[in-house]
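Okay, structure first, notes after.
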There are 2 protein chains.
Amino acid sequence: MAESAKALETSARILDAAEKLFVEHGFHATSMRLITQAAGVNIAAVNYYFGSKDGLFKAVFERRAEPFSQLMLAHLDEAERVNPVPSALQIVHAFTNAALQMGNEPDYGGQLFVKLLARTFVEPHPALKESMPRRYGEVSRRYIAALGRAMPHLSELELHWRFHFLSSALFNAFAGNNVLRLFMAQPIVNARDPELVARMLLPFVVAGLNAPSAG
Amino acid sequence: MAESAKALETSARILDAAEKLFVEHGFHATSMRLITQAAGVNIAAVNYYFGSKDGLFKAVFERRAEPFSQLMLAHLDEAERVNPVPSALQIVHAFTNAALQMGNEPDYGGQLFVKLLARTFVEPHPALKESMPRRYGEVSRRYIAALGRAMPHLSELELHWRFHFLSSALFNAFAGNNVLRLFMAQPIVNARDPELVARMLLPFVVAGLNAPSAG
DNA sequence: CACAGTTTCAAACACATGTTTGAAAAGTAC
DNA sequence: GTACTTTTCAAACATGTGTTTGAAACTGTG
């Protein structure tokens, strides 16, 4: 078994390098040779430890997925402990605080996982098809239920839509997927600083959540 | 020159097939053989007409880019003709109407271009680095200026942020990048119907735009 | 030390990639 | 119908891909 310190170090180095490169260039544009070279390990090490490139991607993802989902639940728990029926603002705060905390703790891979998530929405990887709903189904339901208590005027369906828009906005914002970077030569928004993104984004999404029903 | 009817038909078939496949699988995961097979042409035809795979991508993109930017400007012009200082709602309507019209006119490639745009935000292609700002710089400035007149309480910087959030939300929503599809086993939102997306999204983003400043 | 299991490594594997070639076919103009 | 250009095609090109191999190096244990 891969229990020795050296072995753990090797597979961890691979995970770190792969995480960074997958986020930067995407899955298909990142080759095994690039990953192993960046990690300073032999080409065969990936297949030795993770079976395949797909297995590596899954491992990269799952290393962060569980901690993040637990962070999201913990922050919602805390919000509901302070206030049994948290407002939209407080719910969004739970969300953004989870993302920010994820980015601040180096052990959690910084902002990389949020970016990887945002990439995965656009380019879903088959290896995640079944593990993601298992892990994030409860998180989604909990947040949607909380939003329902905060905005009782919205139907179940419209709550799902609002959560969809909310998470799209949050993940894309934190991932730094800047539309303006593509559209304008010198965009003046700095979408790279998570704290700034969170402050700018908050009034926007909170007002959006509280908006009257589409009818 | 490629001016005969047959030649136009061939390159157009390639563009159509490539557009669909690039949207579906992304640039790197779409091979030349897949494209030419889907288009029913010989492998060498792509290099003959477009020089390279990168050249093909650029051609695919640019075929739609100009019509779409003109649609966006035309709808904003119309809104400002009806009302010299359009509200946030009317501005968003100009935006969504452009996207919906793009999707409804078959000659414009349906919803495909919006999806391609959304993909490109996450995975920018070098071939577009210089042509996009040239084409969409004015569009962005016009919309941001209109938003500034509608919401005079926001600073120039915050207006750019709002436009960033607005366009992120719109493009991702129309592209059908459904967070819930990844997070939940049976999502109840149908993010594929553009008219429905537009109706659900409108109150959310309009309220977001009109929100008080982040301060 | 010697033995077992674990990990590393250079090399090769079979296959897929984008691109080029040169000749055949189709089309155009005088 | 002949000369010329444009377009198509099968084949090959060089290179990159993920993966496998089998031996060497290392590890911890009795």
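These numbers come from the heavy atoms of this one structure, side chains and all, not from hydrogens, waters or symmetry mates. Here is the naming used below: chain letters follow the sequence lines, and residue numbers restart at 1 for every chain.
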If I take atom CD in residue Q37(A) and atom P in nucleotide dC9(C), what distance separates them, rounded to the nearest angstrom? 14 Å
Separation of dC26(D) atom P from E9(A) atom CD, nearest Å, is 16 Å
Euclidean distance, atom CD1 of residue I14(A) to atom P of dC9(C) [Å, nearest integer]: 11 Å
Check: F95(B) ring centroid to H75(B) ring centroid under 6.0 Å: no
Any salt bridge (charged side-chain N to carboxylate O under 4.0 Å, His left out) pairs touching residues 176-187 of chain B, not counting sequence neighbours? none
Residue list, salt bridge (charged side-chain N to carboxylate O under 4.0 Å, His left out) with E62(B), at least two apart or on another chain: R135(B)
Residues passing the side-chain contact (heavy atoms from CB on, under 4.5 Å) test with H28(A), sequence neighbours excluded, are E123(A), H28(B), A29(B)
N/O (side chain, T10(B)) to phosphate O (OP1/OP2, dT7(D)) under 4.0 Å: no
One character per nucleotide, please: for nucleotides 10-22 of chain C, 5' to 3', B when the base has a protein heavy atom closer than 4.0 Å, S when only the sugar-phosphate does, - otherwise. B-B----BBBBB-
Should Y49(A) be listed as having a side-chain N or O under 4.0 Å from OP1 or OP2 of dT8(C)? yes
For D16(B), all residues meeting side-chain hydrogen bond (donor to acceptor under 3.5 Å, both in side chains), sequence neighbours excluded: R63(B)
Check side-chain contact (heavy atoms from CB on, under 4.5 Å) between R81(A) and all other residues, then give those that pass, not counting sequence neighbours. E78(A)
